Amino acid sequence: MAEATPPGGVLVALPGTLLPPTIFEGVALPDGWRWHGVDWLGGPGDGELTRAAAELCRHWPPSDTAPALLVGHSAGGVIALQLAAALGARLAGLVLIDTGASAINHGDPQLPQRLRAQWGEAFIDRFLHRCVGEAALERHGERLRHYARTCNPERAYRAMCSLRRLDLTARLSEIRCPTLVVHGDRDPARTWQHAMALAEGITGARLARLDAGHTPMLECPGRLSQALGDFLTSRNTGRH
């Protein structure tokens with residue numbers, strides 16, 4: 001039986017494109033755990049997901065807190081997959097939320113082109129509505145719109161294009177840490193097949209299916225909190 005690890009640590013969280021890292025903060029965590037959101041789109045680099053992953057890898061872990069787990073949502077999940085493959089057993093755990101190893105059958109293949117041609121308030125509203133749904137946008141719209149307006153549209157365009165070029169399927173076997181894959185049943189961007197491919201490709205990965213769209217952190221934070229709590233507890237007790 002694996003020796004139990006002390007509870008507590010940090011969840012390093014990477015949001016999807018044009019979403020602020022604060023979207024994770026409404027999801028309650030077990031005692032001793034805390035969120036550390038990373039604004040990868042606004043940080044160093046030019047928006048390319050591979051470069052963002054390389055930059056994070058150079059500075060891992062982001063603090064002295066141990067253990068440090070990685071949480072990636074949507075495009076942030078594609079960054080997290082690359083980082084997890086590079087870190088191997090050095091990563092304490094991985095959570096992937098509504099993302100995938102490739103963009104095959106992605107629900108909106110022309111989104112980068114529309115962003116470049118239509119950038120502005122109307123585009124941002126349509127994008128956020130699709131990402132978080134009407135109810136969550138009513139609750140959180142002001143801060144979501146504020147963050148999106150501050151983003152560099154060319155960086156967002158490059159992020160969306162690089163996501164659609166990458167296929168990380170062959171690298172899933174390089175991920176060596178406990179992994180939880182979370183998928184919203186009503187996600188308009190990523191399919192259940194994307195989640196299944198992650199769970200099948202990463203050894204020992206667990207799969208949680210939620211009644212949500214693309215962004216369960218804002219749509220059903222309580223149910224996501226339970227899934228994360230169960231995962232963190234199983235990790236501490238050695239049950240994967």
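Given the structure is predicted, the values throughout are model-derived calculations rather than measurements.
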Which residues share a salt bridge (charged side-chain N to carboxylate O under 4.0 Å, His left out) with [X], sequence neighbours left out:
X	answer
Glu55	Arg58
Asp125	Arg145
Arg126	none
Arg139	none

Do the side chain of [X] and the main chain of [Y] share a donor and acceptor less than 3.5 angstrom apart?
X	Y	value
Asp98	Gly184	yes
Ser74	Gly76	no
Gln82	Val78	yes
Ser225	Ala28	yes
Arg186	Asp211	yes

Would you say that [X] contacts [Y] through its side chain, given a criterion of any heavy-atom pair below 4.5 Å between the two side chains?
X	Y	answer
Leu87	Trp60	yes
Val182	Leu224	yes
Val71	Val12	no
Trp33	Leu228	no
Leu83	Leu91	no
Glu134	Leu137	no

Provide the full list of ring-ring contact (aromatic ring centres under 6.0 Å, His included) pairs with a residue in residues 180-199, sequence neighbours left out, each pair given once.
-> His183-Trp192
Only pairs at least two apart or in different chains count here, so list each ring-ring contact (aromatic ring centres under 6.0 Å, His included) that has a residue in residues 96-116.
-> none
Quick one: side-chain hydrogen bond (donor to acceptor under 3.5 Å, both in side chains) partners of [X], sequence neighbours excluded?
X	answer
Glu25	none
Glu121	Arg149
His36	none
Thr150	none

With sequence neighbours left out, which residue pairs that include part of residues 159-169 fulfil the side-chain hydrogen bond (donor to acceptor under 3.5 Å, both in side chains) condition?
-> Glu48-Arg165, Asp167-Thr169
Can you tell me which residue pairs pass the salt bridge (Lys or Arg N to Asp or Glu O under 4.0 Å) test with a partner in residues 84-94, sequence neighbours excluded?
-> none
Should Met196 and Ile104 be counted in the same cluster of Ile, Leu, Val, Met, Phe, Trp and Tyr side chains packed under 4.5 Å apart?
-> no
Quick one: closest heavy-atom pair of Cys177 and Leu94, and the distance?
-> SG-CB, 3.7 Å
Would you please say whether a donor-acceptor pair under 3.5 Å links the side chains of Asn152 and Tyr157?
-> no
Under 3.5 Å, is there a donor-acceptor pair linking the side chains of His214 and Asp187?
-> yes
Parallel, tilted or perpendicular for Trp35 and Phe24, by the 30°/60° rule?
-> tilted
Look at the aromatic rings of Phe123 and Phe127 and report parallel, tilted or perpendicular, splitting at 30° and 60°.
-> parallel
Below 4.0 angstrom, N of the basic side chain to O of the carboxylate: do Arg206 and Asp230 qualify?
-> no
Stepwise, does the salt bridge (charged side-chain N to carboxylate O under 4.0 Å, His left out) test hold for Arg155 with Asp46?
-> CA-CA 5 Å; Arg155 283 192 177 196; Asp46 60 0; over 6 Å; no
Residue pair Trp40, Leu49: steps toward the side chain to side chain contact (heavy atoms under 4.5 Å, CB included) verdict | CA-CA 9 Å; Trp40 60 269; Leu49 303 187; 3.6 Å; yes
Is His59 atom NE2 crowded by more than 12 heavy atoms from other residues, nucleotides or ligands, each under 6.0 Å away?
-> yes
